[in-house]
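To keep things clear, I will list the structure first and then write my remarks on it.
Positions are given from 1 along the sequence. Side chains included, hydrogens not; waters and symmetry mates left out as well; all remaining heavy atoms used. Only a predicted model underlies this, so the values are computations on that prediction, with no experimental measurement involved.
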Amino acid sequence: MADQHRLSIPTHGRGGIEITDAVAAVVRQAKAANGIAHVFVRHTSCGLAITENADASVRVDLETLLRRWAPDGDPAYRHDLEGDDDMAAHARALLTGVSLSVPFADGRLLLGTWQGIYLFEHRAQGHRREVVVTLLG
């Protein structure tokens with residue numbers, strides 16, 4: 001059995017936005033009690049990650065690393081149609097990935113104690129991002 005939902009997530013520029021509660025709400029409404037929640041973002045300049053949800057400094061440090069690994073405005077980039085952050089955002093999306101899977105049981109995500117699901121916006125400006133949650137159970 002499969003069930004699918006679309007979430008519209010507004011971002012405010014670069015950084016991680018916790019979407020655990022939104023995904024958990026989809027799982028609570030699932031027809032199946034147990035299964036896998038596959039989460040996919042339909043864009044090439046943002047990404048998804050499961051990371052620490054207790055200490056916000058973890059996400060600040062992750063942003064620092066992403067800036068180091070894929071800096072804005074690198075003169076070696078050819079793709080800059082939408083500005084200095086354009087190619088860097090695509091590279092960061094490769095680093096974070098655009099999908100993840102989380103098991104669920106009894107209508108609850110089986111995340112660890114300190115884990116949260118995050119949408120990472122890699123563009124400097126905010127956007128509205130579409131996330132597809134597919135439940136397989």
Side-chain angles (χ1 to χ4, degrees):
M1 172 185 308
D3 196 11
Q4 195 168 74
H5 300 267
R6 293 180 188 212
L7 306 173
S8 180
I9 310 291
T11 68
H12 304 288
R14 229 173 237 149
I17 299 168
E18 188 168 11
I19 62 169
T20 310
D21 289 345
V23 175
V26 170
V27 168
R28 278 192 302 277
Q29 299 170 11
K31 295 172 187 149
N34 303 311
I36 298 287
H38 181 264
V39 185
F40 174 78
V41 64
R42 301 184 65 214
H43 306 277
T44 62
S45 56
C46 62
L48 297 168
I50 294 174
T51 191
E52 162 97 36
N53 67 354
D55 183 353
S57 68
V58 170
R59 288 174 306 283
V60 172
D61 290 345
L62 289 172
E63 281 300 319
T64 298
L65 289 170
L66 288 167
R67 278 194 306 275
R68 241 182 242 166
W69 297 333
D72 290 343
D74 188 312
Y77 298 156
R78 293 183 182 172
H79 180 73
D80 62 359
L81 294 175
E82 296 179 44
D84 282 347
D85 68 337
D86 197 2
M87 186 60 224
H90 295 304
R92 292 172 187 176
L94 287 176
L95 293 169
T96 55
V98 295
S99 70
L100 51 84
S101 295
V102 180
F104 66 89
D106 301 320
R108 290 185 34 243
L109 292 168
L110 295 178
L111 291 167
T113 302
W114 308 113
Q115 290 182 319
I117 302 170
Y118 287 83
L119 169 68
F120 276 86
E121 176 62 67
H122 299 310
R123 297 302 305 265
Q125 297 298 314
H127 290 79
R128 182 160 294 282
R129 302 303 193 169
E130 186 174 307
V131 175
V132 179
V133 180
T134 304
L135 304 176
L136 304 169

State, to 0.1 Å, how close [X] and [Y] come at their nearest heavy-atom pair, and which atoms those are.
X	Y	value
E63	G15	OE2-CA, 3.6 Å
G107	R28	O-CG, 3.6 Å
P71	Y77	O-OH, 2.9 Å
G116	E18	CA-OE2, 3.7 Å
A93	C46	CB-O, 3.4 Å
R42	R6	NH1-NH1, 3.4 Å

If we check side-chain contact (heavy atoms from CB on, under 4.5 Å) with R129, which of these qualifies: I19, I17, L119?
L119
Is there a continuous path of hydrophobic side-chain contacts, each under 4.5 Å between heavy atoms, that joins [X] to [Y]?
X	Y	result
L48	V58	no
L100	V133	yes
L109	L136	no
V41	L135	yes
I50	L7	yes

Run the side-chain contact (heavy atoms from CB on, under 4.5 Å) test on Q115 and N53 for me, step by step, so that the C-alpha distance in whole Å, both residues' side-chain angles and the decisive distance to 0.1 Å come before the verdict.
CA-CA 6 Å; Q115 290 182 319; N53 67 354; 5.8 Å; no
Counting neighbours of CD on Q125 that are heavy atoms of other residues, nucleotides or ligands and sit closer than 6.0 Å, is the number greater than 12?
no
Any side-chain to backbone donor/acceptor pair from [X] onto [Y]? Under 3.5 Å, distance only.
X	Y	answer
H43	E130	yes
D74	A76	yes
Y118	G47	no

Interatomic spacing from [atom1] in [X] to [atom2] in [Y] - rounded to 0.5 Å:
X	Y	atom1	atom2	result
H122	T11	NE2	OG1	11.0 Å
R59	F120	CZ	CZ	7.0 Å
L95	L62	CG	CG	11.0 Å
D72	R92	CG	CZ	5.0 Å
H5	T134	NE2	OG1	9.0 Å
L81	M87	CG	CE	11.5 Å

Are R78 and D86 close enough for a salt bridge, meaning some N to O gap below 4.0 Å?
no
Working for side-chain contact (heavy atoms from CB on, under 4.5 Å), residues L111 and V102
CA-CA 7 Å; L111 291 167; V102 180; 3.8 Å; yes
Looking only at side-chain N and O atoms, does S45 offer a donor or acceptor that is under 3.5 Å from a partner on R123?
no
